[in-house]
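Bear in mind the structure is a predicted one, so any value in this text is a computation, not a measurement.
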Amino acid sequence: MQAHFAALPTIIATDINAKEAQVSAAIKLLDEGATVPFIARYRKEVTGGLDDTQLRHLEERLIYLRELNARRETILNSIFEQDKLSDDLRKKINAAETKMALEDLYLPYRPKRRTRAQIAIEAGIEPLADQLLTLTTTSDLDIEVLATQYLNPDQGFTDPKAVLDGARFILIERIAENAELLGALRNYLWKEAELHSQVEAGKEEIGSNYKDYFLFQEPIHKIPSHRALALLRGRNEAILQLNLKLPIELEEVPLQMITDHLALTAPHTWLKETIRLSWRAKLHLSLSLELINQMREAAENEAIAVFARNLKDLLLASPAGEKAILGIDPGLRTGCKVAVVDRTGKLLETATIYPHAPHNRWRQSLEILIELVKKYDPQLISIGNGTASRETDKLAADLCLQFPKLNKVVTSEAGASVYSASETAAKEFPDLDVSLRGAVSIARRLQDPLAELVKIEPKAIGVGQYQHDVNQVQLNRMLESVVEDCVNAVGVDANTASTELLSKVSGLNSTTAYNIVAYRDENGPFKNRAQLKKVPRLGPKTFELAAGFLRIRGDNPLDISAVHPEAYPVVERILKKNGKTLDEVIGNSAFLKSLNPQDYLCEKFGLPTVEDILSELEKPGRDPRPEFITAQFREDVSELKDLKPGMQLEGVVTNVANFGAFVDIGVHQDGLVHISALADRFVKDPHEVVKVGDVVKVKVLEVDIPRKRIGLSMRMNDPLPERDSSAPGEASDRENNPRNHTRNNQGQRNRGKDTQGKSGAISNNPFADALKSLKKR
């Protein structure tokens, strides 16, 4: 087994387009407990500059390959114990590169219940099976006469037919457990077979969400992830039947492949029927299940990747910064919850107002808000984008008329209710009503989206598609990686960060994060990074991994930068050689750019680290997130009925899926920009054009008020669509976009062809074939 483990760097190096030495170094660091953010930022010399994306891929492949090798060892031991491990089999097992290939080889040796083939073998019928395998159409042997030689009444084989059936079972099992043949048939089906779906009898009405899949077919290898997951959900809900079928003209190909693999020429009629049965009764069924599962895994991987990209964009959205914020969680009957936080996010005061129906206390509500603004002087109003958002936006507009320097922003409240009822919120605000905690979250997430959203389980933020249908272990691992990468890319203020935010810092966990907060509560703010070493259970290794990502405004200006304490001697050499103080150097772009990094290299710190240090000294503690901007919603557009085709509006991207982007234009329902309407060119992946949080200009193509659907385009010259209700669409999914739960059609019935042409255009209009058929769950 050592050979396999030694080969890991070679395999992974090819996967991530790196050198074997780079991969070996990274694996060693990971095994020693280093985190991906730490390795990517502070061990560039060791890994040859592998970035965080490469390292995450490396980490995933390392886990998979180590699991593969562990399984390989188990299989080799199992076959060895059966005394059936030949040199040839060992070589094939050692050469297997995937878990599926490994299991194919193990199939004949896997412990299983006694099969009919095994019973026939025990009765001595296997020699007959071997003989029958050589029969051709020209053979004049009577197979029933041959079978009489193998009668075995004690084992239940009392007549020639039973004996021939036993021989057939032996050959079918032998064919079905041939690893090389299985691989060839599996590859052929994946390339040529189509997945057919049809509605279960009597489920037409309750399964109306899946109407577009009541009679549907598409090549399995071409089915996009969102459509695959919709089909699988329909099957899991007992609405759809799924079957994998070859086109009629290809149905006989697998039989010929089996015949050729067995090296048969003009096989006997009995043998032909045996091959047909092995395919139809055994192989086709098992391979169909495997390939549908393969489709599911690929779709899940893609859905998880989409979720991860959206989550990263949301977490790295531009922060308003250290400004006092007045947060409003809108509501009708239960009123609007209000919270004011200071520039550090500390809660100052809460209130509940009732400006909307059925209470209609507009003037009284405005007076309460005016008093809060006079008392605390907030600079921004953060309005949740849920129920009564636009009505509350009008109230905020009236408030802003009283205070010209006050600005209002509509903020995504996704996950705010989850936070409100969480243990984290209860610890932060034990005496605060649950409903008011949401207003605090809405205010804080405008100040710093990252710091607030890390308190919420990523799945509750709602920027994924079919997130509850995918592998939850894999999803959680990916999302945790995204959160960790984002937190460490930005850096964390050790004197103000919450326990939840600190726990995402490289090297820290919930215990050390709690200890940091407890220490600063007891001893006051940290004055420098070195003081972190006094925190209980924050040892040398933890300090090494975490210190560079923790920012401290105190004694040493370097402590607010991303320069790691271990590299402070490099800065000291720069200062000493040039006869300058740190204050003279920090922010002095002209001086820093005049330096030659090569002059400050040493055995421990190479060129990448020195270049990073000089860059950081130029703008210490710089935030990698974009500048804070907000969309300006039209005052005369607040409801669906206000929308008219042809309108050009500004909006915020709330979710990006494989088939397009959802955009909030301020009417309580997000509109869909289909992938074909994102740009005046062909777009393969919507993420090439937009990301969550982007402010975009869109044109209204179509409004379906009864079904609450909005078709948008980012191509301002797109013509308005003609009415066409015949085009097929997607099954709905509430989780795909939590605010309006719309879905699109990215394909046509039967062959599932892409609606985009080479120029990026589709027939007539992007929504002639897509938006009309959106189905709401």
Side-chain angles (χ1 to χ4, degrees), residues 84 86 88-89 104-110 112-189 192-193 243-291:
K84 296 178 180 179
S86 65
D88 183 57
L89 180 57
D104 283 350
L105 291 165
Y106 185 45
L107 194 58
Y109 310 96
R110 182 193 299 275
K112 49 182 175 279
R113 291 179 297 180
R114 258 174 107 238
T115 64
R116 288 181 291 187
Q118 288 175 320
I119 294 171
I121 292 172
E122 292 168 4
I125 299 175
E126 190 168 21
L128 174 64
D130 293 335
Q131 188 175 2
L132 291 173
L133 192 58
T134 64
L135 288 184
T136 65
T137 53
T138 60
S139 174
D140 57 358
L141 288 175
D142 187 328
I143 60 174
E144 290 199 4
V145 173
L146 280 176
T148 57
Q149 301 174 31
Y150 295 90
L151 295 176
N152 190 334
D154 294 339
Q155 297 282 354
F157 295 91
T158 58
D159 57 66
K161 182 180 181 305
V163 172
L164 288 172
D165 286 343
R168 177 165 281 162
F169 292 139
I170 292 171
L171 292 179
I172 288 175
E173 185 170 283
R174 192 181 294 177
I175 291 169
E177 292 182 346
N178 186 299
E180 187 178 341
L181 178 60
L182 281 174
L185 289 169
R186 185 184 292 114
N187 291 338
Y188 183 78
L189 281 181
E192 301 292 348
N243 293 290
L244 194 64
K245 299 179 181 180
L246 283 167
I248 295 175
E249 65 273 16
L250 301 178
E251 284 182 348
E252 298 296 314
V253 173
L255 304 180
Q256 188 59 49
M257 290 176 67
I258 297 171
T259 301
D260 292 343
H261 187 81
L262 296 175
L264 301 178
T265 304
H268 189 277
T269 304
W270 181 90
L271 198 51
K272 284 184 178 180
E273 184 60 23
T274 298
I275 291 171
R276 186 174 296 277
L277 283 172
S278 71
W279 169 248
R280 301 220 167 155
K282 186 101 173 171
L283 284 170
H284 183 246
L285 177 61
S286 62
L287 289 175
S288 293
L289 293 174
E290 283 185 21
L291 291 179

Could you check Asp104 against Arg186 for side-chain contact (heavy atoms from CB on, under 4.5 Å), going step by step and ending with a plain yes or no? CA-CA 11 Å; Asp104 283 350; Arg186 185 184 292 114; 2.8 Å; yes
Chi angles and distances behind the side-chain contact (heavy atoms from CB on, under 4.5 Å) call for Ile275, Leu264: CA-CA 11 Å; Ile275 291 171; Leu264 301 178; 3.8 Å; yes
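Between Ile258 and Leu185 there is a side-chain heavy-atom pair separated by less than 4.5 Å. Using a 4.5 Å heavy-atom threshold, the side chains of Leu271 and Leu262 count as separate. Inter-residue side-chain proximity for Thr259 and Pro267 is flagged as met; some heavy-atom pair is nearer than 4.5 Å.
Atom-to-atom distance recorded for Lys245:NZ and Leu189:CG is 14.0 Å, nearest 0.5 angstrom. Taken to the nearest 0.5 Å, the CG atom of Leu246 stands 6.0 Å off from the OH atom of Tyr188. For the atom pair His268 NE2 and Leu132 CG, the distance stands at 8.5 Å (nearest 0.5 Å). The structure places CG of Leu285 at 10.5 Å from CD of Glu290, a figure rounded to the nearest 0.5 Å. Going from atom CG of Leu107 over to atom OH of Tyr109 covers 10.5 Å, rounded to the nearest 0.5 Å. Put simply, CD on Glu122 and CZ on Arg114 are 4.0 Å apart, with the number rounded to the nearest 0.5 Å.
Scanning for ring-ring contact (aromatic ring centres under 6.0 Å, His included) contacts around His284 gives Trp279, with sequence neighbours left out.
Counted within 6.0 Å of CD on Glu180, heavy atoms from surrounding residues, nucleotides or ligands total 12 or fewer; the atom is thus considered open. Applying the 6.0 Å contact sphere to CZ of Arg116 captures no more than 12 heavy atoms from other residues, nucleotides or ligands.
Summarising the geometry of Ala120 relative to Phe157, their closest heavy-atom pair is CA-CZ, 3.7 Å, with the distance given to 0.1 Å. When all heavy atoms of Pro160 and Leu151 are compared, the pair lying nearest together is N-CD2, 3.8 Å. Looking at every heavy atom in both residues, Leu128 comes nearest to Ala147 through CD2-CA, 4.0 Å. When all heavy atoms are compared, the tightest approach of Asp142 to Glu144 is OD1-N, 3.0 Å. For the residue pair Lys282 and Ala176, the shortest heavy atom distance occurs at CG-CB, 3.6 Å. Here the shortest heavy-atom pairing between Thr265 and Thr136 reads O-CG2, 3.5 Å.
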Result block: side-chain N/O donor-acceptor pairs under 3.5 angstrom for residues 163-175, not counting sequence neighbours:
from, atom 1, to, atom 2, distance (Å)
Asp165, OD2, Lys161, NZ, 3.1
Arg168, NE, Thr274, OG1, 2.8
Arg168, NH2, Trp270, O, 3.0
Arg168, NH2, Thr274, OG1, 3.3
Glu173, OE1, Thr115, OG1, 2.9
Arg174, NH1, Asp130, OD1, 2.9
Arg174, NH2, Glu126, OE2, 3.3
Arg174, NH2, Asp130, OD1, 3.0

